[in-house]
Amino acid sequence: MSQVRVRFAPSPTGFLHIGGVRTALFNWLFARQRKGAFILRIEDTDQSRSTEESIQAILEGMKWVGLDWDEGPYRQTDRMELYRQHAFKLFERGQAYWCVCKAEDLEARRKEAEAKGLSPRYDGRCRGLGIQNPTGEAALRFRAPQEGQTVIEDLIKGQVVFDNALLDDLIILRSNGYPTYNFSVVVDDALMEITHVIRGDDHLTNTPRQVPIFQALGYPLPRFGHLPMILGADKARLSKRHGATSIMAYKEMGYLPEAMVNYLVRLGWSHGDQEIFTRNELIEKFSFDHVQASAAVFNPDKLLWMNAHYLQHSPPGRVVQALAPFLEQAGLGNELKAASPAWLEQLVVLVRERTKTLIEMVHWVAPYFRYDVAMEEDATKKFLTPAIAPALIELTVRFEGLPQFSKALWEETFKKFVEEKNMKMGQLAQPVRVALTGRTASPGLFEVMEILGRERTLYRLRKGIERAQGGQA
RNA sequence: GUCCCCAUCGUCUAGCCUGGCCUAGGACGCCGGCCUUUCAAGCCGGCAACACGGGUUCAAAUCCCGUUGGGGACGCCA
């Protein structure tokens with residue numbers, strides 16, 4: 001069997017959308033599973049809307065989610081000659097003709113037809129004119145078959161039948177010499193020997209327009225697979241008003257790319273009841289047989305859960321690595337550099353089951369980087385009171401009497417002390433927690449002490465005592 | 001308007017192709033409990049769906065038809 005060749009062909013008219021990422025992902029998984037080639041092609045034939053920044057954004061997004069390509073990125077604007085050659089070949093064979101209708105007139109006729117409740121199709125008025133050398137502006141139209149049917153055996157939708165009589169003659173070469181989408185995709189998919197065209201199902205109705213072009217050009221047909229759309233909570237096509245749709249926005253919000261990939265692949269594909277997949281499992285298990293035919297609603301809550309899962313179950317070093325840029329952004333770059341990898345991993349392990357994003361993690365991790373800690377006003381007022389000061393002092397003295405830190409020993413000391421004083425654990429734990437972290441919520445007290453180390457623990461305790469004594473009852 | 005696609009808990013889905021094992025399973029979220037020094041995490045339990053109507057069949061979530069609903073396409077955009 002010949003090699004599988006698939007492509008992802010975004011148009012650079014904005015950021016990389018999560019729907020685009022999912023399309024790319026399914027292509028990529030299929031290519032990797034079949035040891036085929038994944039090709040990246042930039043469809044930039046609309047020079048008025050394509051931008052260089054968008055191309056960079058696409059590459060950046062692909063890189064972030066780890067979708068590497070084997071060929072490309074090709075740019076259609078570098079391949080103009082190819083499209084023109086193919087278009088003229090069709091003209092010479094009588095399978096395309098010049099159309100001298102003005103764009104405004106076409107627009108007006110379309111409006112008129114729509115108003116009458118008719119199909120807004122091109123009426124074919126230049127079809128029989130036999131124009132050889134148009135003088136003014138002219139576009140080249142494909143002479144589409146008007147009889148019979150075009151049948152597509154879609155990998156996901158099954159057999160889909162279209163009546164050719166319903167299709168009009170689409171423009172393949174604009175009057176400015178640029179090819180249109182439906183033509184350039186065909187030429188590229190053919191020349192790049194794409195075996196499987198996997199794309200969003202918004203392209204399903206483009207397929208019966210493209211198939212006859214493949215045939216007219218004499219190229220073999222690829223297989224087609226049309227992926228269902230991603231919708232917002234209101235079941236409308238996912239757009240900005242549903243929240244973030246740019247893949248990079250999720251990076252900025254503190255999502256892990258592995259969580260994004262796992263979530264996105266499960267949106268429309270399943271493997272029994274399994275929710276969590278490693279990348280290799282996805283490559284191994286992916287199949288079009290289990291791609292859903294219906295659209296899926298994007299669920300931010302489940303994505304968040306997925307991210308929390310990856311935060312909790314990834315190797316600590318991986319989490320530290322992902323967290324680093326966020327720490328720098330939070331002004332903790334120097335402290336990050338000064339910290340040991342082992343300590344950072346220990347810290348991350350301590351806080352990670354309490355966080356769902358890297359942004360949240362920064363907040364949880366922040367109190368442990370510096371010698372002093374920011375005290376939250378409400379927490380201080382509530383727990384560091386004059387009433388608790390004596391107990392804090394006594395406890396601190398006991399800790400000072402212990403020559404070195406040992407989590408087990410300090411915990412034992414603490415508990416014995418609480419018992420002696422006939423206090424409840426929480427009565428003393430909360431004030432100590434506030435003294436050590438500045439907050440009322442933190443990881444376990446003794447884990448916190450371990451992270452801080454003996455000196456810093458004692459230091460913060462003493463600071464806490466000062467606060468407690470100074471605080472008005 | 002025309003054509004095309006789709007239809008299982010609120011959401012993602014298993015099951016559907018190859019009817020019976022489905023008094024429909026899992027996950028997210030939600031609710032309750034357990035654990036507990038805080039916050040989480042974890043564990044246990046609960047609520048919750050085969051869109052509707054016909055047919056085929058001994059038997060239909062599963063097959064067929066229709067209705068309704070949702071989505072997409074109809075550009076010298078991609």
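Proteins come first, then strands; the chains are lettered A, B, ... in the order of their sequence lines, and each starts at number 1.
- Of the side-chain N and O atoms in A:Gln274, none sit less than 4.0 angstrom from OP1 or OP2 of B:rU13.
- Taking for each of A:Tyr122 and A:Ala429 the nucleotide of RNA chain B with the nearest heavy atom, the 5'-most of the two is the partner of A:Ala429.
- If you check B:rU38, B:rC12, B:rC28 against the side chain of A:Val297, the one that comes closest is B:rC12.
- The A:Arg121 side chain lies nearest to B:rC74 when the options are B:rC74, B:rC12, B:rU38.
- Of the side-chain N and O atoms in A:Ser270, one or more sit less than 4.0 angstrom from OP1 or OP2 of B:rA14.
- If you check every strand for non-hydrogen atoms under 4.0 Å, A:Phe446 touches a base.
- Among A:Tyr263, A:Trp269, A:Tyr310, the one residue that satisfies the ring-ring contact (aromatic ring centres under 6.0 Å, His included) test with A:Phe277 is A:Trp269.
- Across all strands shown, B:rA14 forms no Watson-Crick or G-U wobble pair with both key distances under 3.5 Å.
- Remark: B:rG45 base-pairs with B:rC31. Criterion, Watson-Crick or G-U wobble with two distances under 3.5 Å.
- Taking atom CG of A:Asp169 as the reference point, atom C1' of B:rG75 lies 15 Å away to the nearest angstrom.
- One C1' atom belongs to B:rU2, the other to B:rA14, and the distance between them is 37 Å to the nearest Å.
- Using atom C1' as the reference point in both B:rA48 and B:rC6, the two lie 23 Å apart (nearest Å).
- In this structure, A:Glu419 does not pair ionically with A:Lys415, as no charged nitrogen and carboxylate oxygen lie closer than 4.0 Å.
- Exactly one of A:Asp78, A:Ile42, A:Ile58, A:Ile55 qualifies for a side chain to side chain contact (heavy atoms under 4.5 Å, CB included) with A:Pro73. That residue is A:Ile42.
- Between A:Arg237 and B:rA73 there is a side-chain polar atom (N or O) within less than 4.0 angstrom of OP1 or OP2.
- Nearest-nucleotide positions on RNA chain B for A:Asn299 and A:Val161 put A:Val161 closer to the 5' end.
- When heavy atoms are screened at a 4.0 angstrom cut-off, A:Gln312 is found touching the sugar-phosphate backbone but no base atom.
- Ranking B:rC3, B:rA14, B:rU11 by closeness to the A:Lys235 side chain, first place goes to B:rU11.
- Using a 4.0 Å heavy-atom cutoff across all strands shown, A:Arg439 reaches no nucleic acid atom at all.
- Spacing between B:rC3 and B:rU67 at atom P, rounded to whole Å, works out to 12 Å.
- Rounded to an integer number of Å, the gap from CZ of A:Phe277 to P of B:rC12 is 17 Å.
- With both pairing distances under 3.5 Å, B:rC63 is matched to B:rG55 as a Watson-Crick or G-U wobble pair.
- Looking at A:Asp273, its side chain comes within 3.5 Å of the base of B:rG25 through a donor and an acceptor atom.
- For the pair A:Glu137 and A:Lys102, the salt-bridge criterion is not met [side-chain N within less than 4.0 Å of a carboxylate O].
- Among A:His203, A:Lys157, A:Arg199, the one residue that satisfies the side-chain hydrogen bond (donor to acceptor under 3.5 Å, both in side chains) test with A:His226 is A:Arg199.
- Nucleotides B:rC50 and B:rA61 have their P atoms positioned 11 Å apart, rounded to a whole Å.
- A:Pro228 comes within contact range of no nucleotide atom at all, as no heavy-atom separation falls under 4.0 Å.
- Across all strands shown, A:Leu267 has heavy atoms under 4.0 Å from sugar-phosphate atoms exclusively, and none from any base.
- The interatomic distance linking A:Leu227 (CG) with B:rG72 (P) rounds to 16 Å, in whole Å.
- Classification of A:Asp105 and A:Arg125 as a salt-bridged pair fails, no side-chain N sitting under 4.0 Å from a carboxylate O.
- If you check B:rA73 for Watson-Crick or wobble pairing at under 3.5 angstrom, you find it paired to B:rU2.
- Classification of A:Arg266 and A:Glu275 as a salt-bridged pair holds, one side-chain N sitting under 4.0 Å from a carboxylate O.
- Residue contacts for A:Gly158: at a heavy-atom cut-off of 4.0 Å it reaches no nucleic acid atom on any strand shown.
- Taking the charged nitrogens against the carboxylate oxygens, A:Glu43 and A:Arg75 have no contact shorter than 4.0 Å, which rules out a salt bridge.
- Counting non-hydrogen atoms under 4.0 angstrom, A:Ser294 reaches the backbone sugars and phosphates but no base.
- Base pairing of B:rU38: no nucleotide in any strand meets the Watson-Crick or G-U wobble criterion (both distances under 3.5 Å).
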Sub-3.5 Å pairs of nitrogen or oxygen atoms, protein against nucleotides 76-78 of chain B:
residue	atom	partner	partner atom	Å
B:rC76	OP1	A:Arg110	NH2	3.0
B:rC76	O3'	A:Arg174	NH1	3.4
B:rC76	O2	A:Ser175	N	2.9
B:rC76	O2	A:Ser175	OG	2.8
B:rC76	N3	A:Ser175	OG	2.9
B:rC76	N4	A:Cys101	O	2.8
B:rC77	OP2	A:Arg174	NE	3.4
B:rC77	OP2	A:Arg174	NH1	2.1
B:rC77	O5'	A:Arg174	NH1	3.1
B:rC77	O3'	A:Arg174	NH1	3.3
B:rC77	O2'	A:Asp46	OD2	2.7
B:rC77	O2'	A:Arg49	NE	3.4
B:rC77	O2'	A:Arg49	NH2	3.0
B:rC77	O2	A:Arg49	NH2	3.3
B:rA78	OP1	A:Thr45	OG1	2.6
B:rA78	OP1	A:Asp46	N	3.4
B:rA78	OP1	A:Arg174	NH1	3.3
B:rA78	OP1	A:Arg174	NH2	2.5
B:rA78	OP2	A:Tyr181	N	2.9
B:rA78	O3'	A:Glu43	O	3.3
B:rA78	O3'	A:Glu43	OE1	3.4
B:rA78	O2'	A:Ser11	OG	3.1
B:rA78	N6	A:Asn206	OD1	3.3
B:rA78	N6	A:Asn206	ND2	3.4
B:rA78	N1	A:Asn206	OD1	3.3

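- Comparing atom distances between the A:Asp301 side chain and each of B:rC6, B:rU38, B:rG29 picks out B:rG29 as nearest.
- The C1' atoms of B:rG10 and B:rA51 are separated by 15 Å, rounded to the nearest whole Å.
- Nucleotides B:rC34 and B:rA41, compared at atom C1', are 14 Å apart to the nearest Å.
- Of the charged side-chain nitrogens involved, none lies within less than 4.0 Å of a carboxylate oxygen, so that A:Glu447 and A:Arg354 do not count as a salt-bridged pair.
- Salt-bridge annotation for A:Lys116 and A:Glu114: absent, with no side-chain N of the basic residue lying under 4.0 Å from a carboxylate O of the acidic one.
- Straight-line distance between the C1' atoms of B:rC16 and B:rC21: roughly 15 Å, to the nearest whole Å.
- Of the side-chain N and O atoms in A:Lys356, none sit less than 4.0 angstrom from OP1 or OP2 of B:rA40.
- In this structure, the nucleotide among B:rC6, B:rC39, B:rC3 sitting nearest to the side chain of A:Lys157 is B:rC6.
- Distance noted for atom P between B:rG54 and B:rU11: 25 Å (whole Å).
- The listed nucleotides are B:rG26, B:rC4, B:rA41; the one nearest the side chain of A:Glu353 is B:rA41.
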